[in-house]
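Here the structure is laid out as structure tokens; the discussion comes afterwards.
So that the names make sense, note that chain A is the first sequence line, chain B the second, and so on, each numbered from 1.
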Amino acid sequence: MADKLLIYNTLTRKKEEFKPITPNQLGLYVCGPTVYGEAHLGHARPAITFDVVYRYFQHLGYKVRYVRNITDVGHLTDEIAGEGDDKIAKKARIEQLEPMEVVHRYTESYHENMKALNVLSPSIEPRATGHIIEQQQLIKAIIEKGYAYEANGNVYFDVLKYNKSHEYGKLSGRKVEDLFENTRELDGQSEKRNSYDFALWKNASPQHIMRWPSPWGEGFPGWHSECVAMGTKYLGEQFDIHGGGMDLIFPHHEAEIAQSVACFGKDSVNYWMHNNMITINGQKMGKSLGNFITLNEFFTGNHELLEQAYSPMTVRFFILQAQYRGTVDFGNEALKAAEKGLERLMNAYTALEKIAPAKESEVDVALLKQNCYNALNDDFNTPILIANLFETVKTINSIIAGNITIDSNGLNELKQLFDVFVFEILGLKNEAHQATSNNELTGKLIEMLGQMRIDAKANKDWATSDKIRNELTAMGVTIKDTKEGFEWEIN
RNA sequence: GGUCUCGUGGCCGAGUGGCUAGGCAGUGGUCUGCAAAACCACGUACAGCGGUUCGAAUCCGCUCGAGACCUCCA
């Protein structure tokens, strides 16, 4: 199985063989959400992408420490005006809530969504506000090394100076000269030496709610320090993988690299992984554009663009059907296709139970399995993996249809293949099954009606048998006839 | 304006020099009292124009179109 695992590294812009710093151990850091609103479909993408990365490394036997932060402070919304307003604080004022109340509410909501999507909880979920001291220490160290300067209670990173000895822009492919030319909106009053210098610490205006004491006066941490402070705290000065959305490459991750290099003398991250965006009508779904659909809206179908509700697993499967580095375009047709496809996949798994093994096997399970591993080893190519799983589905159905045979050993391997790739690594769940098993009485009643229908059929009383089936269908119970009798499921 | 990415059949989406991606939808057939499910078969797609090559959707150039980042965004 485990051949080379290739990972596309944003830093080098090519696929590289993954080599851990410590054998069989993985340090993984992923940028989590800023909790000032409900999570939308876009938030599900990195969560699911890196959930699969997490799951796969664990499957390969790695001891993984997966750190995914919660950003609960910072991110100025109005930098141009000069008096930056904290997103969390702004929301707090609007809703008349304590900032921490806002944070708490949306953190819980995020956790509920993630659980529904079967996204595993990370090993550590640190919060920015819980690491103010670490961030201050980082900032102090950067000042000491001479790469940051203080001005009126603000601390800025000196990009120009840094760039003299290092390369600012190596992750995003930018050059400082270009940045200089292309900076819009010159804020003349700013104390920045250069417009592209970024804030490490911001002085809090009197009305600013979130504030902490610091050597530079009362204020709050700037945009890009939290991930460096928390990442290196829990994973070490150097760790394996840092992930996040593509939109974070510049300036966020670029600034992280600069801080790491300035502070530790080296880039903390070996492999930078970035998931692409989800688009809607070809345009990025995002908070600022206001064209997002929240996960709860997907689950309930309560949004004008949604023709129906889509279950968490449908959403998960939909996202996994695209490779993480490409965009995925949202659409009802595409979501419905995912729903149907997932159902087919799950039905095949259930159908495995019904297969009677033969003496001879015409199925090459080892090959199917190898193809699945090959897909994952090629930069987590889940669509190829899923294509292989559908090959497996076809195989299973062909066995049931009597076209090919399988022996008991092969049958076990098939089941195992599903257990490993569908459930363990892709993290899918069989939702239909849960629904049917949670009410015993309902099940018994349906069984009874179904049996009555079988009797009617035996008497060629088609009117009665069709009536039973039609009415059950209207109630959302699907009846399927089989050779032995019938099957049912609740939609 | 600068930097970059992409344009695949009705929809979503892989692939990246010659070999079927896959799913959904559609069509025909088998099975079934009918249906559902399943199985079998089918569509001959790679924005346009040139070039390189024995051969390109895949490499190069140009044109058109879409988008991302440059400000917070997953």
Same-atom distance ([atom1]) from [N] to [M], integer angstrom:
N: B/A14; M: B/G22; atom1: P; answer: 15 Å
N: B/C46; M: B/U8; atom1: P; answer: 10 Å
N: B/C59; M: B/U53; atom1: C1'; answer: 10 Å
N: B/G23; M: B/U5; atom1: P; answer: 32 Å
N: B/U52; M: B/C60; atom1: P; answer: 15 Å
N: B/A41; M: B/C62; atom1: C1'; answer: 43 Å
N: B/G67; M: B/G29; atom1: C1'; answer: 44 Å
N: B/A56; M: B/G15; atom1: C1'; answer: 13 Å

Base, sugar-phosphate alone, or nothing: which one does [X] contact when heavy atoms must sit under 4.0 Å apart?
X: A/His40; value: base
X: A/Asn403; value: sugar-phosphate
X: A/Asn332; value: nothing
X: A/Leu342; value: nothing
X: A/Asp466; value: base
X: A/Thr327; value: sugar-phosphate
X: A/Ile278; value: base
X: A/Gly42; value: base

Which residue pairs satisfy the side chain to side chain donor-acceptor pair (under 3.5 Å) criterion with at least one member in residues 310-322 of chain A, sequence neighbours excluded?
-> A/Asp51-A/Arg316, A/Tyr310-A/Asn332, A/Ser311-A/Thr314, A/Ser311-A/Glu431
Among residues two or more places apart or on two chains, list those pairs meeting side chain to side chain donor-acceptor pair (under 3.5 Å) that have a residue in residues 112-121 of chain A.
-> A/Asn113-A/Asn296
Is A/Arg469 side chain donor-acceptor paired with the B/C34 base, going by distance under 3.5 Å alone?
-> yes
Any donor-acceptor pair under 3.5 Å joining the side chain of A/Lys284 to the base of B/C73?
-> yes
Give the nucleotide from the list [options] with an atom nearest to the side chain of [X].
X: A/Ala387; options: B/C70, B/G22, B/A74; result: B/G22
X: A/Val328; options: B/A21, B/C72, B/C12; result: B/C12
X: A/Ala337; options: B/C39, B/C24, B/A68; result: B/C24
X: A/Thr478; options: B/A35, B/A38, B/A36; result: B/A36
X: A/Phe318; options: B/C12, B/C34, B/C69; result: B/C12
X: A/Pro383; options: B/C72, B/A68, B/A21; result: B/A21
X: A/Ala322; options: B/G13, B/A74, B/C72; result: B/G13

Heavy-atom contacts under 4.0 Å between residues 389-400 of chain A and RNA chain B, which residues?
-> A/Phe390, A/Glu391, A/Lys394, A/Asn397, A/Ser398
By nearest-heavy-atom nucleotide on RNA chain B, the more 5' of A/Gly32 and A/Ile384 is A/Ile384
Please figure out whether A/Ser172 or A/Trp462 has its closest RNA chain B nucleotide nearer the 5' end.
-> A/Ser172
Heavy-atom closest contact (A/Ile132 atom, A/Thr129 atom, distance) | CG1-O, 3.4 Å
Could you tell me how the ring of [X] sits relative to the ring of [Y]: parallel (under 30°), tilted (30 to 60°) or perpendicular (over 60°)?
X: A/Phe250; Y: A/Tyr168; answer: perpendicular
X: A/His252; Y: A/His224; answer: tilted
X: A/His43; Y: A/Tyr110; answer: perpendicular
X: A/Phe239; Y: A/Tyr29; answer: tilted
X: A/Trp272; Y: A/His253; answer: tilted
X: A/Tyr56; Y: A/Phe380; answer: perpendicular

Expressed as a whole number of angstroms, how long is the span from [X]:[atom1] to [N]:[atom2]?
X: A/Asp329; N: B/C12; atom1: CG; atom2: P; value: 6 Å
X: A/Lys15; N: B/A14; atom1: NZ; atom2: P; value: 12 Å
X: A/Leu171; N: B/C4; atom1: CG; atom2: C1'; value: 13 Å
X: A/Phe380; N: B/G15; atom1: CZ; atom2: C1'; value: 19 Å
X: A/Met285; N: B/A74; atom1: CE; atom2: P; value: 13 Å
X: A/Asn276; N: B/C69; atom1: CG; atom2: P; value: 10 Å
X: A/Leu41; N: B/C73; atom1: CG; atom2: P; value: 19 Å
X: A/Met246; N: B/A74; atom1: CE; atom2: C1'; value: 12 Å

Quick one: stems for RNA chain B, with Watson-Crick or G-U pairs under 3.5 Å, at least three in a row?
-> B:1-7 with B:64-70, B:10-12 with B:22-24, B:26-30 with B:38-42, B:47-51 with B:59-63
Looking at [X], I'd like to know whether one of its side-chain N or O atoms comes within less than 4.0 Å of OP1 or OP2 on [N].
X: A/Lys340; N: B/A25; result: yes
X: A/Arg344; N: B/C24; result: yes
X: A/Thr34; N: B/A74; result: yes
X: A/Asn381; N: B/G15; result: yes

Set of side chain to side chain contact (heavy atoms under 4.5 Å, CB included) partners for A/Lys15, sequence neighbours left out | A/Leu6, A/Tyr8, A/Arg325, A/Asp378, A/Asp379
Heavy-atom neighbours of A/Glu360 CD exceed 12 at 6.0 Å | no
With sequence neighbours excluded, give me every salt bridge (Lys or Arg N to Asp or Glu O under 4.0 Å) pair touching residues 29-44 of chain A.
-> none
Mark yes or no: A/Lys91 above the aromatic ring of A/Tyr106, with NZ or CZ under 6.0 Å from the six-membered ring centre and no more than 45 degrees from the axis.
-> no
